[in-house]
Amino acid sequence: MSEEKSLNFIEEIISQDLASGKYASILTRFPPEPNGYLHIGHAKSICLNFGLAKHFGGKTNLRFDDTNPAKEEIEYVDSIKEDVKWLGFEWAKECYASDYFDQLYAYAVQLIEKGLAYVDDSTAEEIAQQKGTPTVPGTGNDFRNRSIAENLALFADMKAGKFADGEKVLRAKIDLASPNMHMRDPLLYRIKRSHHHRTGDKWCIYPMYDFAHGQSDSIENITHSICTLEFIPHRALYDWCIEQLAIYPSHQYEFARLNMTYTVMSKRKLLQLVEEGHVESWDDPRMPTISGMRRRGYTAHSIRDFCDRIGIAKRENIIDLSLLEFCVREDLNKIAQRRMVVTNPIKLVITNYDKGEEVLHSENNPEDPNGGTRELPFSNELWIEREDFMEEPTKKYFRLGPGLSVRLKSAYIVTCESFEKDAAGNITKVFASYHPDSKSGQDTSGIPVKGTLHWVSAKHAIPVLLNEYDRLFSVEDLSSTEGDFKNYINPNSLNKVEAYAEPALANDSLDARFQFLRKGYFYQDTKSTKEQLVFNRTVTLKDTWAKEQKK
RNA sequence: UGCCUGAUUGUGUAACGGUAGCACGACUGUUUUUGGUGCAGUUUGUCUUGGUUCGAAUCCAGGUCAGGCAACCA
C-alpha cells in the first residue's frame, strides 16, 4: 500500500499493535461456514484479511467454521477453496473448526469444572422464555444449580449419545440479567445427530459458533480476528471464553459488510434463488457469487480493485453497482481482444464492390500497441446492426441512412444509396457504394464521416449465442423493500440472442477476454462448445448515445 | 422501553483540533476508424442543538435518525 493512502481503522490498530511490540507479526483468518458459495461480500472480507497480512508481512489461515453439519457440504468446501485461490490469495494453513472438536470438548469440561457451565434439560422454548427480553432480565431454573460432578457426568453422557437430540444442552453460567443478551447463559453445545462432512458420525454433540470461533482463533494464535458488525454483541462472550479458559488472547474487530445495489448479499437468499430456480445455479452469471462473476467474465484483478476502492469502515453502506462495472471495464479495456459481432442483423449490399472478397486486418486492441492484428474477410454482402440504419435520420444520428456515409471499421467508407422493405414495412436490405480510396490505413478519399460501424462479412460469418445479462433485481436497495425479495427479481435479467460473429472468434482461446465492438465485454461461457459458441456479456460499454436518446 | 454500533455531496471513502479532499456517478468540452478509451473541466456535503477552544467534521453534553441484539444458525 502506498504511503499517501490513508489507513483504514483496522490498519491503524494493527500498525499500533506492531509499533508497540504487542505482536511481532500478525495472523488473520478467513473463516467461512461451508454452507454455500462465496459471494462478492466474502471477497471484501478475503481481500481485507489476506490484504492485511500481505501489507503487514503476516499470514492468513483459511478456516472452515464447520460446526453445524446439518447445513454443510464438501461441495461448498471445494468451491470456497477454488474461489479464494482464483481471487489470487494463498493461505498459510487450511483449518477446520472440526479439527478442534476434541480440544473444544476439553475446554467445555474445564468450564464445567470451574462451575462456569451447566447442563440444562429445558426445551428451546423454555430457554428462550427464561432469557427474558432486552428490557426484562432473564430468570434462572433449577438446572443452573446442578453440581459440578453432575454436570460433568451429564455432559459426558451427552457426548456418549445417551440422550436424544434436543434433550439437553450445555450452557455457560454467566449472567441472566446482562444487558447483552448473548451473556445470558449462552448455549455452548447442542445434541445433533447429523453426519458431518469431515468427522462423520463420531460426534453427536456440536459446539455452537460462540464456543468454537474464539477458541479456534486462539488455538491458531490468530492476532486479529476480523468479522462483520452483527458480531459486535458476541465480542463480550468471545473475550469471556478466552479469559475463563486462560488461552491465547485473540481479539475480535468488526467492520461493515458489503451491500450492493440491485442484488442481495445473503447466502440464505442466494440459496433460495438457486433452489427455486430463479437462476440456473450458484455460478449463474447473474449471481453476485465469486463463481458467478468468474463465469460472467469478471477478472480477479477487477474484483480485488473493487474491494480496494470500497474501503473498510463501520458504517452501513450500499455500494453502487456502477463502481463494480467501472472496475471491470477499466481492467478489460486494457486486455480484451476486439472482435466484431452483429446481434440484430440487416444485410448491407455493397453495389460497386466487384472484387468478390478480400482479407483486411484489424488491431486486436487499440490500447495495446503490441497486441497485434487479426484477419478480417470483407465482401460485397455484410451484416450490420439494424439500429445502425435509420430511414429518416435525426440530426445527431451519425450512422447510416439514405445518402449518409459511414466508415466500416477497419474497411472502407460507404455511402448509402437505397434500401428495400418487405410487405410489412420492415427494412430488409440496405444498398451502398464503397469508396475504394478510403481503405482503412490508406484513406486518401478525404470524405468526412462521423460514425464508424462494426460489421461481419455475411458469407464468412459464424453463428454464436450471446447471453446478455442485466441486473438481477429491478430495485436499487432491496433492504428498503417490503415483502418477499423475490417479488423484485428483474424478469429481463437474461436476454439470449443469436448473433453473427467474425470468423476469427472460432480460433480464439477459450479463456480470452473479448470486447465485441460497440457492444460490450464478453467471455466464453463454461457451456460453450466448438459447435455452438456461447458468450456471456460481462458488462456493456458505456453508451452515451443511448443516454442521449433517452433525453 | 434496555444494551451496542453508527451518521461527511447521489454512492462510497479521507481529513487523527488548523485549507472539507479522493473515487464512482452525473454534466460540459476535447480527442478518437468503437457515440468505447484518453484528456481537460463542472457539480452537490460535515444529522441537530448547545458547550469547550483563537480555531471543531474531529473534543464534551443533550436530542434526532438509521442499523444490530432475545436461533439447540454462523
Side-chain angles (χ1 to χ4, degrees), chain A residues 5-8 12 31-33 35 65-68 70-72 120 122-124 127-129 131-138 165-171 178-182 184 187-192 205-206 208-210 212-213 227 229-236 254 256 261 267-268 309-327 329-330 333-334 338 340 362-363 366-367 396-399 406-411 413 438 440-441 443 449-454 476 479 515-521 540-549:
Chain A
K5 188 168 180 187
S6 55
L7 301 181
N8 64 49
E12 297 258 14
E33 181 188 13
N35 66 344
D65 229 333
D66 55 352
T67 57
N68 184 3
K71 290 186 175 178
E72 297 152 7
D120 193 328
S122 308
T123 64
I127 288 175
Q129 203 193 353
K131 270 194 184 177
T133 69
T135 53
V136 178
D165 285 15
E167 199 178 325
K168 286 180 168 50
V169 292
L170 182 73
R171 287 227 259 172
S178 172
N180 181 346
M181 296 299 292
H182 291 274
R184 320 247 270 224
L187 268 64
L188 267 23
Y189 268 89
R190 77 284 213 187
I191 304 171
K192 182 181 286 210
I205 58 171
Y206 291 94
M208 299 289 288
Y209 166 86
D210 285 306
H213 203 97
C227 60
L229 256 26
E230 66 269 28
F231 290 98
I232 289 177
H234 294 250
R235 192 173 62 230
E254 312 87 8
T261 56
K267 277 196 229 174
R268 200 191 91 247
R309 287 169 182 267
I310 58 178
I312 299 295
K314 294 189 87 152
R315 76 183 83 105
E316 308 275 349
N317 59 78
I318 180 159
I319 309 284
D320 263 330
L321 182 60
S322 62
L323 179 61
L324 217 208
E325 293 183 337
F326 166 82
C327 292
R329 282 192 189 108
E330 185 180 58
N333 178 50
K334 289 181 293 195
R338 269 57 172 181
M340 294 201 280
S362 188
E363 75 277 5
E367 306 295 312
K396 285 182 176 172
Y397 193 75
F398 300 159
R399 308 175 187 180
V406 295
R407 155 77 58 188
L408 293 176
K409 173 70 182 174
S410 296
I413 290 173
S438 68
S440 197
D443 183 1
V449 291
K450 276 193 159 172
T452 300
L453 307 187
H454 63 279
E476 209 176 280
S479 72
Q515 183 197 99
F516 293 164
L517 250 56
R518 303 207 294 145
K519 309 232 63 119
Y521 293 100
T540 60
L541 256 26
K542 264 170 70 179
D543 191 346
T544 52
W545 169 241
K547 215 176 280 175
E548 179 74 26
Q549 282 177 304

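All chains are named by letter (A, B, ...) in the order of the sequence lines, taking the proteins before the strands, and each is independently numbered beginning at 1.
- Atom CD of Glu330(A) and atom P of G36(B) are 16 Å apart (whole Å).
- Environment of NZ in Lys450(A): sparse, with no more than 12 heavy atoms of neighbouring residues, nucleotides or ligands closer than 6.0 Å.
- Spacing between atom CD1 of Ile310(A) and atom C1' of C24(B) amounts to 12 Å, rounded to whole angstrom units.
- If you check every strand for non-hydrogen atoms under 4.0 Å, Arg518(A) touches a base.
- Across the P atoms, G51(B) and C69(B) are found 38 Å apart, a figure rounded to whole Å.
- Going from the C1' atom of A7(B) to that of A14(B) covers 16 Å, rounded to whole Å.
- Between A7(B) and Arg315(A), a contact under 4.0 Å exists linking OP1 or OP2 to a side-chain N or O.
- Taking atom CG of Asp543(A) as the reference point, atom P of G36(B) lies 8 Å away to the nearest angstrom.
- Side-chain nitrogen and oxygen atoms of Thr544(A) include at least one within less than 4.0 Å of the OP1 or OP2 phosphate oxygen of G36(B).
- Taking CG from Asn333(A) and CG from Leu541(A), the interatomic distance works out to 8.0 Å, rounded to the nearest 0.5 Å.
- To the nearest whole angstrom, the two P atoms, one in U64(B) and one in C24(B), are 39 Å apart.
- For Thr261(A) (side chain) and Leu321(A) (main-chain N/O), a donor-acceptor pair under 3.5 Å exists by modelled atom type.
- Looking at heavy-atom distances under 4.0 Å, Lys409(A) makes contact with a base.
- Looking at heavy-atom distances under 4.0 Å, Phe326(A) makes contact with sugar-phosphate atoms alone, never a base.
- Residues Leu541(A) and Asp443(A) both approach RNA chain B. Their nearest nucleotides, taken by heavy-atom distance, put Asp443(A) toward the 5′ side.
- One atom, CZ of Arg309(A), and another, P of C24(B), lie 6 Å apart when rounded to the nearest Å.
- Between A57(B) and U31(B), the distance separating the two C1' atoms is 41 Å to the nearest Å.
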Contact state string [nucleotides 65-74 of chain B, B base, S sugar-phosphate only, - no protein heavy atom under 4.0 Å]: --S-SBSBSB

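- For the C1' atom pair drawn from U19(B) and A40(B), the interatomic distance equals 24 Å after rounding to whole Å.
- In the interface, the side chain of Glu254(A) is not paired with the base of U5(B) through any donor and acceptor atom under 3.5 Å apart.
- Look at CG on Asn317(A): it is 11 Å from P on U8(B), rounded to the nearest Å.
- One atom, CZ of Arg407(A), and another, C1' of G35(B), lie 17 Å apart when rounded to the nearest Å.
- Using bins of under 30°, 30° to 60° and over 60° for the plane-to-plane angle, the ring pair Tyr209(A)/His234(A) lands in the perpendicular bin.
- Applying the 6.0 Å contact sphere to CD of Gln549(A) captures more than 12 heavy atoms from other residues, nucleotides or ligands.
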Show the numbers, then the answer: is there a side-chain hydrogen bond (donor to acceptor under 3.5 Å, both in side chains) between Asn180(A) and Ser178(A)? CA-CA 5 Å; Asn180(A) 181 346; Ser178(A) 172; 5.5 Å; no

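- Rounded to an integer number of Å, the gap from Arg399(A) CZ to G35(B) C1' is 7 Å.
- Phosphate contact (OP1/OP2 of U33(B), side-chain N/O of Lys450(A), threshold under 4.0 Å): absent.
- Remark: P of A26(B) and CD of Glu325(A) are 10 Å apart, rounded to the nearest angstrom.
- Nucleotide G67(B): paired with C4(B) (Watson-Crick or G-U wobble, both distances less than 3.5 Å).
- Thr133(A) OG1 to Lys131(A) NZ: the interatomic distance, rounded to the nearest 0.5 Å, is 13.0 Å.
- The residue among Gly311(A) and Tyr521(A) whose nearest nucleotide of RNA chain B lies closer to the 5′ end is Gly311(A).
- When every heavy atom of Ala256(A) is checked against every heavy atom of Arg315(A), the shortest pair comes out as CB-O, 3.1 Å.
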